[in-house]
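Throughout, residue positions are numbered sequentially from 1 according to the sequence presented.
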Amino acid sequence: MSSPSNVGALHANLLSALGTGIVSGELAADQVLTLERLSAEHEVSRSVAREAIRVLESMGMVESRRRVGITVQPSRKWNVFDPRLIRWRLQAGDRTALLASLSELRRGFEPAAAALAARRANPDQCRVLAAAVSDMVVHGRSGNLDSYLLADKVFHQTLLEASGNEMFRALNDVVAELLAGRTEHGLMPDSPKPAAIELHDEVAKAIRLRDADAAEQAMRAIIDEAATAVIDPESPGA
């Protein structure tokens, strides 16, 4: 009998394999799958296969119907905001196009979130933003991209929370996957450039000083720098 941890690992591995297979086109839209085939090909039980399909169905990537089977769905039906789908698309899809699309999304909400944060952030949130910038300075100088990424995630998560808008806050995982994807797929410079960190510092200062316009403008500049870095990793990134 498999232990719960083994079952969990089998489920996660199968889910990732099917997800990346769908986004890469290996499992094409309208292709019909069966639990029997999935169980045999991936050497898992039907219950593990069934649970993976349930997750993919909740993401709009497959549809299960009696007497038809499990049908792979076209990309227009996918829940494109699901962090797992973003991760799979960065691994197996058109990475540059997806990052460009995510950057356009960020332009639509993060500058507005920064402006709201300048009006609504509490002192603790202002301190966290400042501390995150300090950590980015330290890790940027040392070239520790994993620690830099963590500080960057904390900065943007705090910014969205400080906006006081639940819709913006719900997009935190989308931004986190974008930031992680750029690091994991070599789209960050080996040592983050000071200009990118300085822009984060400008946002943090503007929020602390309650300057909504300055916060919005600096946040927009961060996103523009990051979008440029997708095409040219040697440019400053956010």
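Checking side-chain atoms of Ser16 against main-chain N and O of Ala12 turns up no donor-acceptor pair under 3.5 Å. In this structure, the side chain of Gln73 does not engage the main chain of Trp78 through any donor-acceptor pair within 3.5 Å. Between the Ser58 side chain and the Val55 main chain, a donor and an acceptor come within less than 3.5 Å of each other. Here the side chain of Glu43 pairs no donor or acceptor atom with the backbone of Glu41 at under 3.5 angstrom.
For the residue pair Leu27 and Gln31, the shortest heavy atom distance occurs at CA-OE1, 3.5 Å. Residues Val23 and Trp88 come closest through the heavy atom pair CG2-O, 3.6 Å. Among all heavy-atom pairs drawn from Tyr148 and Met136, the shortest one is OH-CE, 3.2 Å. Taking each heavy atom of Val80 and Ile86 in turn, the nearest pair found is O-CG1, 3.6 Å. In terms of heavy-atom proximity, Pro83 sits nearest to Asp173 at CG-CB, 3.4 Å. Of all the heavy atoms in Leu105 and Phe81, the pair that sits closest is CD2-CE2, 3.6 Å.
A salt bridge does not link Lys205 with Asp211: none of the charged nitrogens is closer than 4.0 Å to a carboxylate oxygen. Salt-bridge formation is detected for the pair Glu36/Arg46: a Lys NZ or Arg NE/NH1/NH2 atom is positioned less than 4.0 Å from an Asp or Glu carboxylate oxygen. A salt bridge is absent between Glu161 and Arg169; no separation between the charged side-chain nitrogens and carboxylate oxygens falls under 4.0 Å.
Two residues are said to be in side-chain contact when any heavy atoms from C-beta on lie closer than 4.5 Å; Arg106 and Met219 meet this criterion. Side-chain contact between Leu56 and Ile70: absent, with no pair of heavy atoms (C-beta onward) separated by less than 4.5 Å. Between Leu160 and Asn165, the closest side-chain pair of non-hydrogen atoms is not below 4.5 Å. At a threshold of 4.5 Å between non-hydrogen side-chain atoms, the residues Leu129 and Val203 do not count as touching. With a 4.5 Å cut-off on side-chain heavy atoms, Val48 and Leu14 count as touching. Side-chain contact check for Ile22 versus Val62: some heavy-atom pair is nearer than 4.5 Å. At least one side-chain heavy atom of Leu18 sits under 4.5 Å from a side-chain heavy atom of Leu38. Inter-residue side-chain proximity for Pro111 and Ile223 is flagged as met; some heavy-atom pair is nearer than 4.5 Å.
To the nearest 0.5 Å, atom NE2 of residue His11 and atom OG of residue Ser45 are 11.5 Å apart. Taken to the nearest 0.5 Å, the OG1 atom of Thr158 stands 7.0 Å off from the CD atom of Gln125. Note: Ile222 CD1 to Glu110 CD = 8.0 Å, rounded to the nearest 0.5 Å. Separation of atoms CZ (Arg54) and CD (Glu51) is listed at 5.5 Å; rounding is to 0.5 Å. In this structure, the separation between CZ on Arg87 and CG on Leu90 is 9.5 Å, given to the nearest 0.5 Å. In this structure, the separation between OG1 on Thr71 and CD on Glu63 is 6.5 Å, given to the nearest 0.5 Å.
One hydrophobic cluster, built from ILVMFWY side chains closer than 4.5 Å, cannot hold both Leu145 and Leu149; they sit in different ones. Connection of Val154 to Ile197 is not established within any shared hydrophobic cluster, with ILVMFWY side chains joined at heavy-atom distances below 4.5 Å, either directly or through further cluster members. Under the 4.5 Å side-chain heavy-atom criterion for ILVMFWY residues, no single connected hydrophobic cluster contains both Val128 and Leu116.
Within 6.0 Å of CZ in Arg210 there are more than 12 heavy atoms belonging to other residues, nucleotides or ligands. A 6.0 Å sphere centred on CD of Glu26 holds no more than 12 heavy atoms belonging to other residues, nucleotides or ligands.
If you check the side chains of Asp152 and His156, you find a donor sitting under 3.5 Å from an acceptor. Side-chain contact, Asn13 with His42: no donor N or O sits under 3.5 Å from an acceptor N or O.
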Taking it one step at a time, do Leu99 and Arg182 satisfy side chain to side chain contact (heavy atoms under 4.5 Å, CB included)?
CA-CA 8 Å; Leu99 288 170; Arg182 289 186 55 232; 4.1 Å; yes
Please report the C-alpha distance between Cys126 and Ile207 in whole Å, then the side-chain angles of each, then the deciding distance to 0.1 Å, and finally whether the side chain to side chain contact (heavy atoms under 4.5 Å, CB included) criterion is met. CA-CA 7 Å; Cys126 290; Ile207 290 173; 4.2 Å; yes
